[in-house]
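To keep things clear, I will list the structure first and then write my remarks on it.
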Amino acid sequence: SWDKYVVPTYGGLNGWAHDGTNYINKDSAGLHTVVHEMLHNNTSDEFATILGSRFNEGMTEVLTQDSCAVANEDAPTSYPGESPVVKYAFEQGLSKADTQAAYFGGGVKAKVADWIDANCTDNFATFKANFESKDWAAAKASLTKKKA
């Protein structure tokens with residue numbers, strides 16, 4: 001329940017998605033929350049499994065902001081550590097289109113993890129460990145493009 005689990009564990013959430021159901025706190029959520037949680041329910045099964053929960057949240061926020069911008073709807077930053085790291089990966093050359101395709105349809109290892117291994121300063125395992133530990137600076141450093 002909200003009072004027995006969410007508040008003691010997280011201090012409150014606008015919503016979350018679980019097993020195809022969106023749970024929305026109507027007292028605090030905006031339309032962006034609904035978009036964010038619906039995106040989670042449409043993510044390929046392997047996305048968070050392979051990339052980790054931090055990348056999953058960061059990419060979901062990027063897609064939420066993109067979607068809300070089309071409708072001229074506000075989408076405030078809810079993951080201020082995660083989404084900048086995902087955006088930095090795009091700045092380093094990771095294809096946003098390929099990452100979006102992996103988000104919805106799979107092929108995550110080839111489209112994202114293998115790209116990091118081939119193109120970034122650190123390998124994917126190191127990047128993921130840094131990102132999952134919420135060391136945003138180290139995660140970005142791991143994604144820095146290799147020098148030619």
Side-chain angles (χ1 to χ4, degrees), residues 2 5-7 9-122 124 126-146:
W2 198 268
Y5 177 71
V6 175
V7 173
T9 305
Y10 300 103
L13 294 172
N14 290 333
W16 75 92
H18 180 69
D19 288 340
T21 300
N22 293 323
Y23 298 89
I24 306 297
N25 181 347
K26 65 182 181 177
D27 294 330
S28 65
L31 180 59
H32 66 282
T33 304
V34 176
V35 171
H36 182 97
E37 301 311 333
M38 290 184 76
L39 283 164
H40 275 309
N41 281 329
N42 288 284
T43 307
S44 72
D45 292 338
E46 65 182 26
F47 197 84
T49 301
I50 293 173
L51 297 180
S53 61
R54 300 299 100 213
F55 203 107
N56 184 39
E57 290 297 351
M59 185 62 184
T60 302
E61 180 162 283
V62 167
L63 293 172
T64 298
Q65 291 171 338
D66 290 352
S67 298
C68 286
V70 170
N72 201 27
E73 181 67 36
D74 185 41
T77 300
S78 299
Y79 290 88
E82 291 86 341
S83 60
V85 174
V86 172
K87 289 176 183 177
Y88 185 74
F90 299 145
E91 291 170 15
Q92 297 304 300
L94 177 64
S95 168
K96 186 175 180 181
D98 285 351
T99 306
Q100 182 173 320
Y103 183 90
F104 291 111
V108 173
K109 183 179 179 312
K111 292 174 183 163
V112 181
D114 290 350
W115 185 90
I116 291 171
D117 280 337
N119 295 283
C120 297
T121 303
D122 289 329
F124 173 71
T126 301
F127 159 72
K128 183 177 177 182
N130 289 334
F131 207 10
E132 285 299 301
S133 69
K134 299 182 181 182
D135 187 340
W136 314 130
K140 280 185 173 180
S142 291
L143 289 170
T144 301
K145 196 157 184 153
K146 289 179 186 176

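Keep in mind it's a predicted model, so treat the numbers as computed, not measured.
- Using a distance-only test at 3.5 Å, with no hydrogens or angles considered, no donor-acceptor pair links the side chain of T64 to the main chain of H32.
- How far OG1 of T144 is from CD of E91: 10.5 Å, rounded to the nearest 0.5 Å.
- Taking CD of E61 as the reference point, atom SG of C68 lies at 10.5 Å (rounded to 0.5 Å).
- Side-chain atoms of D98 never come within 3.5 Å of backbone atoms of L94 as a donor-acceptor pair (strictly under, hydrogens ignored).
- For the atom pair CH2 of W115 and CZ of F124, the computed distance is 12.5 Å after rounding to the nearest 0.5 Å.
- Remark: side-chain polar atoms of D122 are not paired, donor with acceptor, to backbone N or O of F127 under 3.5 angstrom.
- Aromatic ring pairs are classed by plane angle as parallel below 30°, tilted from 30° to 60° and perpendicular above 60°; the pair F55 and F131 is perpendicular.
- Of all non-hydrogen atoms in V112 and A102, the two that sit nearest each other are CG2-CB, 4.5 Å.
- Proximity of E57 to V86: side-chain heavy atoms (C-beta onward) are nowhere separated by under 4.5 Å.
- From Q100, atom CD reaches atom CE of M59 across 5.5 Å, with rounding to the nearest 0.5 Å.
- Between F90 and T99, the closest side-chain pair of non-hydrogen atoms falls below 4.5 Å.
- In terms of heavy atoms, V85 sits closest to W136 at CG2-O, 4.0 Å.
- Contact check for N56 versus Y103: side-chain heavy atoms found under the 4.5 Å cut-off.
- Side chain of E82 to backbone of R54: no donor-acceptor contact under 3.5 angstrom is found.
- No donor-acceptor pair closer than 3.5 Å links the side chain of S83 to the backbone N or O of V62.
- Here the side chain of K111 pairs no donor or acceptor atom with the backbone of S95 at under 3.5 angstrom.
- Taking all atoms of both residues into account, the shortest heavy-atom contact from S44 to G106 is CB-N, 3.5 Å.
- K146 contributes atom NZ, which lies 11.5 Å from atom CD1 of I116 (distance to the nearest 0.5 angstrom).
- Atom CD of residue E37 and atom CG of residue L39 lie 9.0 Å apart, to the nearest 0.5 angstrom.
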